[in-house]
Structure formats: C-alpha cells, structure tokens
Amino acid sequence: MTGEIDIATSGELASVLADLLDGAPPAALELDFGGVRFLDSSGILVLLRAQGRAADRGCRLTVADVQPTVRRVLEITGVLELLGLGIIPAEAADDATPIR
C-alpha cells in the first residue's frame, strides 16, 4: 500500500480486505505499510474491522514496515496494544499473504 489511507481511500482498502477475508482466508495476512505516509481515523477503523474479521476466521493479521508517523498514530490510539496488531518485519512473516 502506498500514499494516504484516509476518508477518500479507506473504502478501497476495506473492500480489498473484505474480499480476502470473506472467502477462504489465509492463516496469516500481512499488510505492508512501507509506502503509507498518512493514516486517519477512517483507516484505523478499517484496520480494526479487518482485525476482528480476521480473528473470527482464524487468520493472524499483522502490519509491517510502518513509517514512524503512522506507527505513532497507531500507538497513540492504542490500536497496537488493544487489538494485538503486531508490527513485524516482512521477512518474519513467511506464511503471510502480503498486501502491497
């Protein structure tokens, strides 16, 4: 993923994640945030919903390569700790299906 995840783009991300998680979801799903430079509350809501959907289906959802400003937003809002959205290096998630 690249650019901004905000009110204008979060719907597209939600749709992609729903498609991946509503069928036969993978055991793990890694979201590569390396190119994401901005995340607002609508993007956080998408992550929260996707994490819940993934957990319901036995899928481990993680985000990787998070830029410092985006990581700070996730930390401040408590999303990392509250929902266990782990920040992992891309190479550590060999079994994850990457979303770029």
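Computed from heavy atoms alone, side chains included, the values below leave out hydrogens, waters and symmetry copies. Note that the structure is a prediction, hence the values are computed from the model and not measured.
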Gap between atom OG1 of Thr9 and atom CZ of Phe38 - 0.5 Å precision: 9.5 Å
Closest approach of Leu80 to Glu75 (non-hydrogen atoms, all atoms of both residues): CD1-CG, 3.4 Å
Separation of Leu31 CG from Gln51 CD (nearest 0.5 Å): 11.0 Å
Nearest atoms (heavy-atom pairs only) where Thr69 meets Arg37: OG1-O, 3.6 Å
Flag, side chain of Gln67 to backbone of Gly34, donor-acceptor distance under 3.5 Å: yes
Closest heavy-atom pair and its distance - Leu39, Val73: O-CG1, 3.9 Å
Listed partners of Ser42 passing side-chain contact (heavy atoms from CB on, under 4.5 Å), at least two apart: Ile7, Ser10, Asp40
Of Val36, Leu47, Val70, the residue whose pairing with Ile5 passes side-chain contact (heavy atoms from CB on, under 4.5 Å): Val36
OG1 on Thr77 to CZ on Arg72, rounded to 0.5 Å: 10.0 Å
Summary of salt bridge (Lys or Arg N to Asp or Glu O under 4.0 Å) pairs that have at least one residue in residues 3-14, sequence neighbours excluded: none
Throw together a table of side-chain donor-acceptor distances under 3.5 angstrom for residues 13-27, partners on residues two or more places apart or in other chains.
{"from": "Asp22", "atom 1": "OD1", "to": "Arg53", "atom 2": "NE", "distance (Å)": "3.3"}
{"from": "Asp22", "atom 1": "OD1", "to": "Arg57", "atom 2": "NH2", "distance (Å)": "3.3"}

Beyond-backbone contact of Asp65 with Phe33, side-chain heavy atoms, under 4.5 angstrom: no
